[in-house]
Structures are given as structure tokens and as C-alpha cells.
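All values below were derived from every heavy atom in this structure, side-chain atoms included, with hydrogens, water molecules and symmetry-related copies excluded.
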Protein chains: 2
Amino acid sequence: MVERRIPISVKEAVMRVMKFAKEGKKEEVSIYECNGRFLCEDIVANHDVPSFDRSAYDGFAIRSVDLKGASKEKPITLSVIDEIGAGQVCQKRIGEYEAVRIMTGAMLPSDCDAVVMFEVVKEGRENDQPYIIIDHEVGKGTNLSFQGEDVKKGKVLVEKGTKINPGIMALLATFGYEKVPVAKKPIIGIFATGTELLEVDEPLEKGKIRNSNAYMIMAQIERAGAIPVYFGKLQDVFTVSYEAMKEKLASVDILITTGGVSVGDYDLLPAIYKELGAEVLFNKVAMRPGSVTTVAHLDGKLLYGLSGNPSACYVGFEIFTKPIIRRYLFSSKPHLQSAPAILGEDFLTANAFTRFFRSTVSWKEDGLHTVPSGVDKSNIVTSLAFANALTILPSNSTGYQKGERVNVLLLEEEEGSEWPWN
Amino acid sequence: MVERRIPISVKEAVMRVMKFAKEGKKEEVSIYECNGRFLCEDIVANHDVPSFDRSAYDGFAIRSVDLKGASKEKPITLSVIDEIGAGQVCQKRIGEYEAVRIMTGAMLPSDCDAVVMFEVVKEGRENDQPYIIIDHEVGKGTNLSFQGEDVKKGKVLVEKGTKINPGIMALLATFGYEKVPVAKKPIIGIFATGTELLEVDEPLEKGKIRNSNAYMIMAQIERAGAIPVYFGKLQDVFTVSYEAMKEKLASVDILITTGGVSVGDYDLLPAIYKELGAEVLFNKVAMRPGSVTTVAHLDGKLLYGLSGNPSACYVGFEIFTKPIIRRYLFSSKPHLQSAPAILGEDFLTANAFTRFFRSTVSWKEDGLHTVPSGVDKSNIVTSLAFANALTILPSNSTGYQKGERVNVLLLEEEEGSEWPWN
């Protein structure tokens, strides 16, 4: 007789998994290698930025007091006694009615308190001595960038768990992070199950299909920030499969299998989890696709039994595996980014389970619009290629109408959510 | 005297650059290496999916004609004469009142035309011969996935220029792409200029700052899909700089310099472009930050003179360099993804130039909201760390008020725009 499983809610299932979430290991990598990695420590400013008062433009450093009363009728002439480029430091004292030619980013001479731009002065030269004529007053501090104006020393700039992007690279360089503290990428092992599966390099045969799940999951693992290791197909014999899983589990942080978790005659995973002594957290979730998703736990490691069905496999990974990986990478927002959206099509069938539609969202005047990215059958692989979101349709008896407000989970968004489940 | 440059509009500047856009080279990589790369050819279905009629569930393959008239009062018994798992093919003929036990994904025996699920039959066994009892009629085609239902052979599945994501990986595996045709990544060389620049491993000195632009641009180049090569700082001597640029230009597809394009005394790039014989496309754009952005062209290669100011450098790359890289990667939507948004803060200063604010967008009920991601001065590097968008504020005399509708360019969105400039 077929085993009857009791489904639990998506929220409850995620909660059971997240009890095993933990921060991972740390390592240091060269700044040249750190783009796209996740910070494992807060980045703190180790000096003020700017670290000195500097000129914001090309022009002349002046003493504002000298220009008191300057006007078109009464222009004032200053003698230009030095010239400094960015990176140079003026070694002279600047006295009354004296100025220094200065370039953008150069340190303001200590006797000066403002800069006038090239464009608003008249330059001249007399007896080989350059001078400038200025026909207006200039306020103290004009055209300067002040020490600490951008960042004060000691400020937390970026929190741990953040993915390093180009802007963060600029900060790391500014503060001299030649070596960058990042989360070690966890190793995620993958086994595929199913005698119907051909590998990508095998010719098609009657009754068989190529294994697409393993390659898809590898890319999902990379997108999540971890390292995939594909161990190939599990053989269809219990003891061989059991031994293979037991052996490989030792070498990975998480072990994923695709297929074999349903209640069919060839679904070996339930028995393998039992033999391994793994604690099954759940084996039925009130969601479609992915209701047979099974997660088990053994000695601090999670074992994911994802459905063999491509869409169910995809959704199961994003909802249950990705947040565990992101917590390992020190993120405090490990779940998929949630966003409100407007349904672009009717979905009028009643649903006992929460549905996750593979969707394409687009930005319109009245907000995010979401439409299914392919024919909605859970075996249909093409819908995944154009999916940039999962539309959440909670169970109800009437379905949903075009124009209704729903929530979507954005698949490519790096920010993430703390907890998108109500 | 200071050179007076005539600014051109952002749209005009982008148009001048895009005249030199071209598709790049092709290469084949293993499916294991292709995630995140850009397809250089359309991916076409080389067989139907499914490639045969198959069972959508675990159950029994039946002939619907046998169940005509079945009801609770008049249940019908079928003899189960074979059993097939996914990947197996039934070798027997199925006659009247016969059925085959079948697993999800297995090929439907040619004599059958529907599947009944385990859950709705009563199973029994007599003289070692299993049978099932069914108490309802079953329509032809029930619980099947039909050949070609998902994809018909010959269909274009994904267009060239698309970035490979997990769903596309699944398609590539399904259609046997052991080797995947992708765009060769262009090589982008980088020189930094500026005597004020210290490298990331040098201690801070008075008047100097660390070079952050080169590291930032390297990450931007990677995000765009190309390979950065940092050549270090150009020396402050014209002939040495000229020779270095001339030599390295031969080894790259695009050459970027940061700094040295303004009208300051130490800005060498204009003279270097002249000496190289490069045609300057523009050297002043009506935008902030980045008005001094200079682009030149020599023998089919573009030379980007980006501003030395971090924000201006960042924006100049995203607007003028990224679309050239994306066209090289075969994309037909090479520009940053444009989206309508609501301004989350006032920007009341008048602007003669179009402004690009480094912004953080968030998804709210009434649409995308955009707020500046840091203090808005173009020298301020921290605003870049949290920027996921650039807010476009066209020039006007009144500024903009909170709540006004604006356009943003999404920095992390892979889809892209054909042409976001009105």
C-alpha cells in the first residue's frame, strides 16, 4: 500500500530547516580574487575619508580674508606663489594676497581656507610672476572636500554577509584591504537518481531523458555562492546507493539528491535516510511544485532529497537550500528577496497547496508585474530559463485574478529577505 | 588658458560610442564551465520534449475503452501484466482488461492511452497475479505528458546574447549540449593615472589617497562579463605614458584609463590621444558625475578616458563601456535595465546637466522607490557600495520633489534595455 504522508506548511518546513542554519568558515583572499565573494567580517573605516582637507576642483587655493570686499568694480589681485598637483604637498607659507595653483584632490595648504575655480579668475603674469584677479568674495570652505566628510574613522561601512560588488571593492581598496576576509564557500555534493536519466553526452534513447537537474542545481549552487560537486548518478541498487551517499557525505557540507523521494516503487531515498540514521525533518510540504521535497539531518549536515521533476527540484532548492548556504556565507538576509507585485494573468484553479509559479517580472508604472514564464506544468523545463521570480499563490478555493496583488520572490536579487514567510 | 569644451547630451554621447559596437568572437566551453557566460548562438530544440508520451504520475497505464461504464456500483477489474519504471520500456502487448504498473516519467505503452494514479485504485492479488479495481471512467490522455507538449523540435529556445542561468543550464543539458557555444570574454585593460594614488598595499601618506578606481572598475568589468587586466599606474611623464598605452593597446580589446582627462595641468590623456592618432568621439558630456568622460577610437578599438573621481568613473563605465561589452557578448539589450520609479527624497537644486544619482531601490506596494545610497558628492566612495541603481534626473531649473516619477537604471539586472535614452 502507498504510504500516506502528512503535508506541513511551507513556513513550518523552512523553520525546521533553518534550525540547522549556521555561519560557516572564514578565509582571506587577495583583493584581486574577492569580487562576488561574501564578507565574513564587518568592514570598518581605518581612517577618515578624505584623510585631509582637499580641493574639489582645479583652481587656486586662497585665504578668504584677502577677498573681503572684492567686486566687479573692485577686483583683487593675488600673487600665485606655488603650484601643487594631486598627491603633492605645498611646502610654502601663504601670506596676505597670495594664492597657490591647485589641482582637484590636492591637499589644501594649511594657510588657505577655500578654492576658486580656474573658470572664474583672470590669470596674468608680470615679471615672470603669475597672478590672478578675482572680482567677487569667496566664502571660507568653498570648493573643498573636508577631512572625514565622507567617512569618519571607526565607522562600520559594510556588514558581514554582504556580497562584494564594485562599490565595495572601491571601499576595500580605499582602506588598504590587500587581503579580504571572506566566507569560505561551502561544498555541496549532488547525486542524481533515476534509471531514465542519460548524461549530457549520451544519445537519446526511447523512454529515457537527459539528466538536466544536476546541471541546473550546479548553477543554482553557484548563484547561491557555494561550490557544486557532481558525483554522478546513484545506481539503482540500495546497498550501492547507500554506501555511495555515506562515503561522499563525509566530503561535503551539504548533500543533495534529485529524485527518489516520492512514494513510487523505485524511490530509494526514504530507506537510505533510515539506514544512514538521518533524522527526516519533513517529507511532504503543502506546496506545488515540490510537495515531495524531503530534508533530513545527520551529524550536523543537511541532506536534501529534492524532487526529480525539474521545476520542483528548482523551487525546492531556492526555498530550502539557498537560505542555508547564505547563512553559511554570514548573511543576515538569507532568503530570496520578497517583493509585492501585480498578477499579469488569471490563475483561476483552486489550490489546496501554496503554489510557486516560475515567473518573469517586469517593471511598470504601477509597480512590478508578474506573468508565468512558461506553460505551468511542473515537468516543463523551458519555463525555468526565463524565470527571474517565483510568484507565491497561497492556497485558496477560487484561484487568483489578473490585477490582484501578490508577493513574488526575486531569484536574481542579491539583497535577500530576513524572513519572507508570513 | 583653460580649454573650453562643448558638452554633448548623454544620448548623443552613447550614440557616438555605439557606432563602434560589434559582436565579439565565439568559443566552445564544457557545460560544466558555462554558467554565467553569454550564448553566442541561439539554442534550438533538437528533439521534442517530452520525446515520447509519458506518465505524469505513479500509477497504472490503462486503455480508457476498458473503463467505459465503470462506477462505484459497477467497478471494473484489470489484470496488471507488467511493471515499468522511468527509463524502462514495456515490451508486452496490452490487451482487453489489462494494465501496466507505471512510474512517473516512464514511456506510455503503445496500447494504452491513459494513466490512473495509485491513490484512486484498489490493488489485489489472485493466484500470484496482481489486479486493480477501478470505480470510475478515465478519459483518454488522463495523467499523461504528451510528446512535444513542452517543446517542439526546431523551436528557438533561448536567443544568443542571453546570460546562462540555472534554467538555461537545464535546457542545455536536456538537448545534449556537452559543449556550449559562448561569446569569448573580451579583455579590458586598465591604467590608473594620478601621482596622488597609492596602491592598496601602501601605507597612507599626507596628501595621497589609495587607488580605488582600478579595483572598482575591475569588478565592474567582471559584472559586465569581460576580463579585466590591470596594468598599474601610468607614470607622470608624457613619453613614458604614451609608450605604455601604445604597447598595451595591442593586447586588449578595450583600454580604460582612470583620471587625467580633465583640463588640469597634469591631465595628460588629451595629448596622448592626439599623439596616438586616436579620434576623440567626445570629451565633455552634459552629465554629473562624469562630465569629463572622454572616449576615443583607434583602429577599431575604443579607448575610455574615465574620470579619476570614483563616482564619475563608475557611472562613465556603466553608461558608455558596459553596453559595448554586452554587444561584444552578442546581447541585443546591452544597456542598463531601465525601470520607472518613485523618488523617495527631494532633490531641489537646479541642474544644467543630467544627473545620475547612485541609488538604492526597494520594492513597495505602489512600485519601485529610489533614494540616494549615500551623500551625493561625486568624490564620495561609500555611496557606491550600496548602489543597486542610478536615478536619472534630467536637467531642469527647479529640481525634483519626493514622490515624483523618475527613471532608474538597475545595475544588477541581467535582462538589460535595448535603448533607455529618450
One pair to check against side chain to side chain donor-acceptor pair (under 3.5 Å): A:Asp53 and A:Gln147. What are the steps and the verdict? CA-CA 5 Å; A:Asp53 293 345; A:Gln147 179 172 346; over 6 Å; no

Checking B:Thr174 against A:Ile209 for the side-chain contact (heavy atoms from CB on, under 4.5 Å) test, could you report, in this order, the C-alpha distance in whole Å, the side-chain angles of both residues, the deciding distance, and whether it holds? CA-CA 7 Å; B:Thr174 297; A:Ile209 58 170; over 6 Å; no

Let's go through A:Leu198 and A:Glu205 carefully: what are the C-alpha distance in whole Å and the side-chain angles of both, what is the deciding distance for side-chain contact (heavy atoms from CB on, under 4.5 Å) to 0.1 Å, and is it a yes or a no? CA-CA 8 Å; A:Leu198 299 167; A:Glu205 292 174 34; 3.6 Å; yes

Using the rule given for side-chain contact (heavy atoms from CB on, under 4.5 Å), can you reason through A:Val180 versus A:Ile164, listing the C-alpha separation, both sets of side-chain angles and the distance that settles it, and then say yes or no? CA-CA 10 Å; A:Val180 181; A:Ile164 297 172; 3.9 Å; yes

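Atoms CG and CD1, from A:Leu39 and A:Ile168 in turn, are 6.0 Å apart once rounded to the nearest 0.5 Å. For the atom pair CG (A:Asn388) and OG (A:Ser373), the distance works out to 8.0 Å, reported to the nearest 0.5 Å.
No salt bridge links B:Glu202 with B:Arg210; every basic N to acidic carboxylate O contact stays at or beyond 4.0 Å. Classification of A:Arg101 and A:Glu123 as a salt-bridged pair holds, one side-chain N sitting under 4.0 Å from a carboxylate O.
Between chain A and the options B:Gln88, B:Glu196, B:Glu413, B:Lys206, the largest number of non-hydrogen pairs under 4.5 Å is found for B:Glu196. Interface summary for chain A: among B:Gly105, B:Ala219, B:Ala45, B:Cys90, the most heavy-atom pairs under 4.5 angstrom belong to B:Ala219. Each of A:Arg223, A:Met107, A:Lys208, A:Gln220 has some count of heavy-atom pairs under 4.5 Å with chain B, and the biggest count is that of A:Lys208. Interface summary for chain B: among A:Phe175, A:Trp363, A:Tyr32, the most heavy-atom pairs under 4.5 angstrom belong to A:Trp363. Between chain B and the options A:Gly367, A:Cys34, A:Ala86, A:Gly194, the largest number of non-hydrogen pairs under 4.5 Å is found for A:Ala86. Counting heavy-atom pairs closer than 4.5 Å to chain A, the top residue among B:Gly85, B:Pro203, B:Ala170 is B:Ala170. Ranked by heavy-atom pairs under 4.5 Å with chain B, the first of A:Glu365, A:His47, A:Glu415, A:Glu222 is A:Glu365.
Only the side chain of A:Phe52 has a heavy atom closer than 4.5 Å to any heavy atom of chain B. Only the side chain of A:Leu204 comes within contact range of chain B, with heavy atoms under 4.5 Å apart. If you measure heavy-atom distances from A:Glu412 to chain B, the contacts under 4.5 Å come from the side chain alone. For chain A, the nearby part of B:Leu410 is the side chain; its heavy atoms alone come within less than 4.5 Å. Only the side chain of B:Gln337 comes within contact range of chain A, with at least one heavy atom under 4.5 Å from a heavy atom of that chain. When heavy atoms are compared at a cutoff of 4.5 Å, A:Ile31 approaches chain B solely by way of its side chain, counted from C-beta outward. For A:Lys179, no part sits under 4.5 Å from any heavy atom of chain B, backbone or side chain. Heavy atoms closer than 4.5 Å to chain B are found in both the backbone and the side chain of A:Asp201. Looking at B:Ser51, the atoms closer than 4.5 Å to chain A (heavy atoms on both sides) all sit in the side chain, from C-beta outward. At a 4.5 Å heavy-atom cutoff, A:Leu108 makes no contact with chain B through either its backbone or its side chain. For a residue to count as touching a neighbouring chain, one of its non-hydrogen atoms must lie under 4.5 Å from one of that chain's; by this rule A:Tyr177 touches chain B with the backbone only.
Within the structure, the salt bridge (charged side-chain N to carboxylate O under 4.0 Å, His left out) test picks out the following pairs touching residues 163-173 of chain B (sequence neighbours left out): B:Lys163-B:Glu414.
There is a side-chain donor-acceptor pair under 3.5 Å between B:Asn211 and B:Tyr230.
In this view, B:Phe146 satisfies the ring-ring contact (aromatic ring centres under 6.0 Å, His included) rule with no residue, not counting sequence neighbours.
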